[in-house]
Amino acid sequence: MKYVFNEKDTVELLCQIVNIPSPSGFTKSIMQFIGFYLQDLGIEYKKTNKGAIIATFQGENNNVHRLLTAHTDTLGAMVKEIKANGRLKLSMVGGFNWNAVEGEYCTIHTANGKKIRGTILMHETTVHVYRGAGELKRDENHIEVRIDEKVNNAEGVRKIGIEVGDFVSFDPRFEKTESGFIKSRHLDDKASTALLLQLMKYLKEENIKLPYTTHFYISNNEEIGYGGNSNIPNQVVEYIAVDMGAIGDGQSSDEYTVSICAKDSSGPYHYELTRQIVELAKSNNIDYKLDIYPYYGSDASAAIRAGFDVKHALFGPGIESSHAYERTHVDSLKATAHLLYVYITSPMDSED
């Protein structure tokens, strides 16, 4: 059976999940959404102590398993200090450049559940006061949050419920253009998460029996390095990280194809499994690009570092301006969705 990519449902689902704040360490709401989504489809799952979700589809062969993973956690920040002027100093969650969030609207999530709005700005933003501010370094010593409340000192900030350790999420600003582009923060890796959820929905509704028992692992700590490196069943032979392809100078990845990673900062991915995925793309006329990402790590490489004896590979949609104002195209989502389906319905290269 040929996989039918539902563009409308996929884009709507992606819009929903990018608008659920989920910096690493603050993922309860997004994981509850994933759980309810699977429950509504009648798909059973289990939850790890770290809060990840694993849904399993029994295959014709239950001796060797496959696992596909995507992550819901995103970049964000935490309140590092409440400054005397009533503004907030931040500590990064995940790896990004401060200039990528300068000027962004944000939400401070207090311990008592209150959501307080703010804007991330340079302290020296006002050009009529601070001469030469444009040359100042964008770092934690100059970037701060201007709170949208009548507060101008640390005592006032604490009175409205903000304290050190509160999470700060960045507005995604999701938009789909008529030309098929999807612009939003947090497409890494909620684009892949949406694709896996849609794939599970398709398998369930079409009652498709897979050749091998296959696990869908939705992790929630990838941006800080340890999302999918535990709770991997012993029978898993092939481990696929479904994550973004990085675009830039010297890269072959683009926004219109599925990106297949040959090597990242951790080293080469499993050669034979990667070649098998490339051949599946070729034989099924799926547009793809093979690439190497120099400053990149995935849940698959984290699993290898943790000592799991699996073949690992990585592919996913191409994402422009990663860890900033990200963008992809529905063509890339479609190509990735098709490769996911042909992969999970294909024979393993070897069952030995």
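Heavy atoms only: backbone and side chains are in, while hydrogens, waters and symmetry mates are out.
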### Query
Can S322 and D188 be counted as having a side-chain donor-acceptor contact under 3.5 angstrom?
no

### Message
Can you list everything that forms a side chain to side chain donor-acceptor pair (under 3.5 Å) with N112? Sequence neighbours excluded, please.
### Response
T110

### Query
Do F216 and L199 come close enough that some side-chain heavy atom pair is under 4.5 Å?
yes

## Note on the structure
Under a side-chain separation threshold of 4.5 Å, the hydrophobic residues clustered together with V151 are L75, V79, I82, L88, L90, M92, F96, W98, V101, I108, I116, I120, M122, L136, I143, V145, I147, V157, I160, I162, V168, F170

### Message
Between S266 (side chain only) and D264 (backbone N and O only), is there a donor and an acceptor less than 3.5 Å apart?
### Response
no

### Summary
Rounding to 0.5 Å, atoms CG (L13) and OH (Y37) come to a distance of 5.0 Å

### Message
Is it the case that the side chain of S24 and the backbone of N221 share a donor-acceptor pair, with hydrogens and angles ignored and the cut-off at 3.5 Å?
### Response
no

### Task
Would you please say whether a donor-acceptor pair under 3.5 Å links the side chains of E238 and Y343?
yes

### Electrostatic pair R158-E155, nearest N-O below 4.0 angstrom
no

### Task
Report the C-alpha separation of Y269 and S298 in whole Å, then their side-chain angles, then the decisive distance to 0.1 Å, and conclude whether the side chain to side chain donor-acceptor pair (under 3.5 Å) test is met.
CA-CA 11 Å; Y269 282 78; S298 72; 2.8 Å; yes

### Task
Would you verify whether the NZ or CZ of R66 falls within 45 degrees of the ring axis of Y239 while also being under 6.0 Å from that six-membered ring's centre?
no

### Heavy-atom side-chain contact between F181 and E175 under 4.5 Å
no

### Query
Which is it for K176 and E7 under the salt bridge (charged side-chain N to carboxylate O under 4.0 Å, His left out) test, yes or no, and what are the steps along the way?
CA-CA 12 Å; K176 180 180 180 294; E7 178 182 323; 3.7 Å; yes

### Message
Pair R327, E255 - check salt bridge (charged side-chain N to carboxylate O under 4.0 Å, His left out), show working.
### Response
CA-CA 8 Å; R327 191 182 77 167; E255 298 172 82; 2.7 Å; yes

### Query
Mind checking whether Q16 and E12 have side chains closer than 4.5 Å, heavy atoms only?
no

### Evaluation steps, side-chain contact (heavy atoms from CB on, under 4.5 Å), between N6 and K201
CA-CA 11 Å; N6 190 321; K201 179 181 179 181; over 6 Å; no

### Query
Step by step, would you call S219 with D299 a side chain to side chain donor-acceptor pair (under 3.5 Å)?
CA-CA 8 Å; S219 77; D299 273 340; 2.6 Å; yes

### Message
Between S22 (side chain only) and T72 (backbone N and O only), is there a donor and an acceptor less than 3.5 Å apart?
### Response
yes

### Message
Consider side chain to side chain donor-acceptor pair (under 3.5 Å). Of S252, S332, S253, which one does S259 pass it with?
### Response
S253

### Message
A side-chain contact here means heavy atoms from C-beta on lying under 4.5 Å apart; do D171 and R117 qualify?
### Response
yes

### Message
Rounded at 0.5 Å granularity, tell me how far CD1 in I208 sits from OH in Y202.
### Response
5.0 Å

### Message
To the closest 0.5 Å, what do you measure between CG (L210) and OG1 (T345)?
### Response
7.5 Å

### Task
Considering non-hydrogen atoms only, spot the tightest contact between Y212 and T214 and give its length.
O-OG1, 2.9 Å

### Query
Parallel, tilted or perpendicular: which fits the ring planes of Y3 and Y341, with parallel below 30° and perpendicular above 60°?
parallel

### Task
To the nearest 0.5 angstrom, please state how far the CG atom of N220 sits from the NZ atom of K47.
8.5 Å

### Query
Looking at OG of S29 and CD1 of I34, how far apart are the two atoms once the value is rounded to the nearest 0.5 Å?
11.5 Å

### Message
Taking side chain to side chain donor-acceptor pair (under 3.5 Å) as the definition, give me every residue that meets it alongside N97, ordered by chain and number, with sequence neighbours left out.
### Response
none

### Query
Should the pair E326-K190 be classified as a salt bridge under the 4.0 Å nitrogen-to-oxygen rule?
no

### Query
Are any of the side-chain nitrogens in K80 or E140 under 4.0 Å away from the carboxylate oxygens of its partner?
no

### Message
Measuring only between side-chain heavy atoms, which start at C-beta, is T257 closer than 4.5 Å to D331?
### Response
no

### Message
Less than 3.5 Å apart, any donor N or O on the side chain of Q39 or Y45 sitting next to an acceptor on the other?
### Response
yes

### Message
Could you tell me if the side chain of M78 sits less than 4.5 Å from the side chain of F26, heavy atoms only?
### Response
no

#### Entry: Minimum side-chain heavy-atom gap F5-L195 below 4.5 Å
yes

### Task
Report yes or no: do R173 and Y325 form a side-chain donor-acceptor pair below 3.5 Å?
yes

### Task
Using a 4.5 Å cut-off on heavy atoms from C-beta on, say whether the side chain of D243 contacts that of E222.
yes

### Query
Would N62 and H65 count as having a side-chain donor-acceptor pair, cut-off 3.5 Å?
yes

### Message
Using 0.5 Å steps for rounding, measure from the CZ atom of R138 to the CG atom of N141.
### Response
13.5 Å

